[in-house]
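Just so you know, these numbers come straight off a predicted model, no measurement behind them. Nothing fancy with the numbering, it's 1 onward along the sequence. Just so you know, ligand 1 is whichever comes first in the structure, and atom 1 is the first atom listed for that ligand.
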Amino acid sequence: MKIIRFFLFTTLVLVTVFSCTTPKKKDYLHESPEAYNKRMKWWKDARFGMFIHWGIYSVPAGVYHGKVVPGAAEWIMYSAKIPVKEYETFAREFNPVKFNADEWVKIAKDAGMKYIVITAKHHDGFCMWHTKLTRYNVVDATPYKKDVLKELSEACKKEGMNLGFYYSIMDWHNPLAHGDSFPRYRDEYMKPQLKELLTKYGDIKILWFDGEWINEWNEQEGEDLYNYVRSIKPDIIVNNRVGKGRMGMKGMNKGEGYVGDFGTPEQGILNNKSDFSWETCMTMNNTWGYKKTDNHWKSSKLLIHNLIDIASKGGNYLLNVGPTSEGIIPGPSVTRLREMGNWLKINGEAIYGTKTFMHYKEGDNIRYTVSGDGIYIYAMSLDWPGSSLTLESVEPDNDAIIQMLGYVTPLKWRIDRNQDLQIRIPDKMTDENNRPGRYAWTFRIKGKAFPLADAPLIRTAGGLTGQTILYKDTVTVYISVNAPGSGIHYTTDGSFPVPSSPVFDKPFLLKKSAEIKAKAYKKGIKASFTSDVNFVNITQDHIPAASFVYYEGVWKSLPDFSVLRPVTKGYVRSISTDAVRHRDNGYGIVYSGRLNIPEKGKYTFFLTSDDGSRLFLRNKLVIDNDGLHGFDTKDATVLLKKGKVPFRVEYFQATGGQGLRLMIKEEHMKNKVPVSLLLDKM
Ligand code: FHN
């Protein structure tokens with residue numbers, strides 16, 4: 001008995017001593033919402049940052065052995081299967097003598113960007129700082145011999161620009177980073193490098209991990225790495241690619257509890273607001289790293305509209321530049337950033353430090369934000385509103401002063417007969433030179449949200465919805481709304497539904513084309529947004545069309561649709577998925593109809609799809625483009641007589657990219673045209 005007592009006593013003493021002397025590793029994974037919000041505040045207020053993909057991949061710049069390598073330029077080592085030893089020689093050609101860190105920071109600052117995230121180490125493993133862990137770095141391996149991250153960090157400090165580093169967990173250069181030796185890469189290489197980056201380059205604010213998809217990495221290691229970097233720099237902000245929560249390019253987590261401070265949608269924008277912090281990262285063309293042949297630049301208008309849309313949903317916009325191996329940010333990028341900066345100089349208060357509004361949008365062209373103090377509502381119009389702007393979802397204070405940002409004189413406004421806010425636009429602004437800026441205009445309103453339910457759902461018995469619904473002969477119309485205690489009022493002549501308009505109390509039959517509008521009212525007060533659907537009777541109006549049958553399922557190749565139960569069926573005026581699909585992944589569509597072949601001749605069909613598709617003419621397979629693949633095209637040439645030719649297109653989408661296109665070219669035609677132009681009347 002004495003021995004047991006002695007053992008227990010000794011253990012107790014050891015545990016007490018040990019726990020007092022070894023510092024307890026702080027667990028940052030269970031931070032309080034208050035602490036999280038405090039740490040994230042500057043980042044959420046910032047809204048707009050510059051992503052920089054810069055490395056020795058800018059030397060080949062997307063071209064290898066004289067051939068343009070498909071895909072993003074920073075992947076060239078992988079895409080062109082360049083042996084490590086050969087790829088390393090690019091370091092000897094990397095000499096950014098025109099690099100001027102102050103200039104880069106000024107470009108970002110003039111664009112209205114509040115932070116910069118630059119690639120410290122991308123997948124190729126080349127280190128853009130003077131790391132002690134390998135000589136495969138910008139100081140030891142290039143003729144430039146200077147630490148570009150140090151230059152940039154100093155320039156950022158001078159200008160008060162927040163700086164973050166991108167770090168790829170995946171590493172194609174370090175032999176330890178594959179297979180069983182990965183834990184050594186993680187502990188003996190990756191962690192020490194991250195410590196260098198967090199302690200030798202000033203007040204680093206963000207770690208932007210990537211390449212987490214590799215099999216060697218798991219969520220547990222992500223949590224450990226998150227704790228590790230925050231133990232070095234507690235206020236650091238870390239994206240969700242530190243762990244395994246990300247749902248691919250959609251970027252948000254597949255559930256609760258995954259590690260990381262914000263979601264990272266890539267090349268796309270969330271469809272709605274999100275309670276979880278998020279940041280869309282996007283290229284201005286189609287490549288992150290510099291690619292000499294990629295001049296597919298997004299317009300300044302689109303980039304500004306993206307920023308507005310993202311802000312209205314509470315997100316950040318991390319917009320990429322890919323500098324050349326000389327250290328130059330491409331001119332088209334600089335031009336666009338300058339235009340964004342000009343827009344933000346006028347409208348920035350509607351973006352920076354704002355919160356989301358009850359309704360983040362109205363129609364297709366209005367986005368809302370709310371000032372951080374809640375006093376102002378900002379309505380941003382993505383197209384020029386003309387002589388007046390009508391807003392359904394804002395109730396201005398009685399004495400509200402409504403202004404357009406960039407124009408001092410308060411605007412005239414009233415509540416119109418539809419109970420909506422109507423803002424008068426000064427006549428002189430008909431001349432666009434008299435307008436405050438270009439691309440989008442912000443109206444600042446003191447008031448509150450008018451609580452409105454979503455617009456009533458107008459559909460057919462078969463579940464067809466959308467802005468335009470084609471039908472044959474007759475169609476039964478159903479209308480529903482989620483606005484308890486209200487009545488649905490509708491019109492069939494395109495006029496605005498008011499409380500005196502007919503009440504929808506049962507489905508009704510349509511026999512001709514009609515524009516139907518519907519709105520909920522409760523005791524005469526508007527209770528929903530307004531729906532507007534065009535029903536087109538393709539029989540009566542002799543509209544060329546094709547029929548479609550829509551299915552949902554998960555396939556790796558085209559299924560036998562004849563044994564599947566359709567979700568909906570209807571008619572389309574073009575062979576495309578947008579008007580038909582109900583979701584982005586896991587669906588199939590069969591189109592059929594007749595083509596009016598104008599004259600006898602040789603016709604080449606071009607069938608492009610992501611994922612699989614097939615074309616049949618007179619029920620005979622003509623093109624087989626089936627399978628899981630990118631937006632690939634297959635073609636076939638057939639001899640056709642003049643007249644009507646029955647066709648069928650089968651298509652399925654698994655996941656990722658999606659799309660379908662069917663073009664045709666007669667042998668004497670200069671260009672191919674959409675097959676839709678040859679559709680026969682149903
Ligand atoms: O593979 C990388 C790619 O090169 C680029 O860095 C993007 C930017 O977010 N991230 C990965 C693709 O998801």
Side-chain angles (χ1 to χ4, degrees), residues 48-62 64 69-82 87 90 113 115-128 149 164-174 177-178 197 206-217 222 237-254 258 260-270 277-291 294 296 298 303 306 310 315-323 333 630 655-657:
F48 189 29
M50 177 184 273
F51 212 172
I52 303 176
H53 275 68
W54 198 31
I56 59 174
Y57 40 75
S58 61
V59 172
Y64 179 61
V69 178
E74 71 285 355
W75 271 73
I76 193 167
M77 178 178 169
Y78 179 89
S79 311
K81 299 182 175 58
I82 303 174
Y87 186 85
F90 291 136
M113 293 164 149
Y115 59 100
I116 291 173
V117 177
I118 185 168
T119 49
K121 179 175 80 75
H122 204 265
H123 311 331
D124 62 359
F126 187 76
C127 302
M128 296 294 277
L149 296 195
F165 291 137
Y166 166 111
Y167 189 94
S168 175
I169 294 166
M170 177 167 75
D171 188 312
W172 298 330
H173 185 266
N174 188 321
H178 313 276
L197 290 170
I206 300 163
L207 274 179
W208 213 98
F209 287 101
D210 204 4
E212 86 289 357
W213 55 80
I214 54 174
N215 295 331
E216 289 87 350
W217 195 249
I237 290 174
V238 183
N239 72 351
N240 68 342
R241 301 189 188 189
V242 67
K244 300 287 269 197
R246 170 170 70 126
M247 288 186 294
M249 303 291 260
K250 288 217 171 296
M252 301 304 275
N253 289 342
K254 47 199 166 208
Y258 285 95
D261 296 320
F262 62 90
T264 51
E266 184 165 321
Q267 304 287 33
I269 298 170
L270 295 191
S277 302
W278 61 283
E279 171 195 73
T280 277
C281 57
M282 191 181 282
T283 55
M284 277 198 230
N285 49 9
N286 292 328
T287 175
W288 300 92
Y290 174 66
K291 188 168 189 176
D294 183 340
H296 307 284
K298 295 175 181 72
L303 296 172
N306 285 346
I310 290 167
N316 282 24
Y317 195 20
L318 188 62
L319 188 57
N320 184 73
V321 297
S333 296
T655 59

Looking only at protein heavy atoms, which one is nearest to atom 13 (O) of ligand 1, and what is the separation? Glu266 OE1, 2.7 Å
What do we get for Trp213 next to ligand 1 when only non-hydrogen atoms under 4.0 Å count, side chain, backbone, both or neither? side chain
Would you tell me which option among Arg246, Glu212, His123, Glu74 has the nearest heavy-atom contact to atom 2 (C) of ligand 1? His123
Does some non-hydrogen atom of Gln267 fall short of 4.0 Å from ligand 1? no
Any heavy atom of Phe209 closer to ligand 1 than 4.0 angstrom? no
Would you say the ring centroid of Trp208 lies under 6.0 angstrom from that of Phe51? yes
Would you say the ring centers of Tyr78 and His123 fall short of 6.0 Å from each other? no
Under 3.5 Å: N/O of Trp288 near N/O of ligand 1: no
Would you check whether Asp210 has a nitrogen or oxygen atom less than 3.5 angstrom from a nitrogen or oxygen atom of ligand 1? yes
With heavy-atom distances below 4.0 Å as the criterion, list the atoms of ligand 1 near [X].
X: Arg241; value: 9 (O), 10 (N), 13 (O)
X: Trp208; value: 9 (O)
X: Tyr166; value: 6 (O)
X: His122; value: 3 (C), 4 (O), 5 (C), 6 (O)
X: Cys281; value: 9 (O)

Donor-acceptor pair between His53 and Asn320 side chains, under 3.5 angstrom: yes
Donor-acceptor pair, [X] side chain versus [Y] backbone, under 3.5 Å?
X: Asp171; Y: Ala177; value: no
X: Lys291; Y: Ala61; value: no
X: Thr287; Y: Ala73; value: yes

Electrostatic pair Arg246:Glu212 at N-O distance under 4.0 angstrom: yes
So if I apply the side-chain contact (heavy atoms from CB on, under 4.5 Å) rule between Thr264 and each of Asn240, Asp210, Asn253, which one comes out positive? Asn240
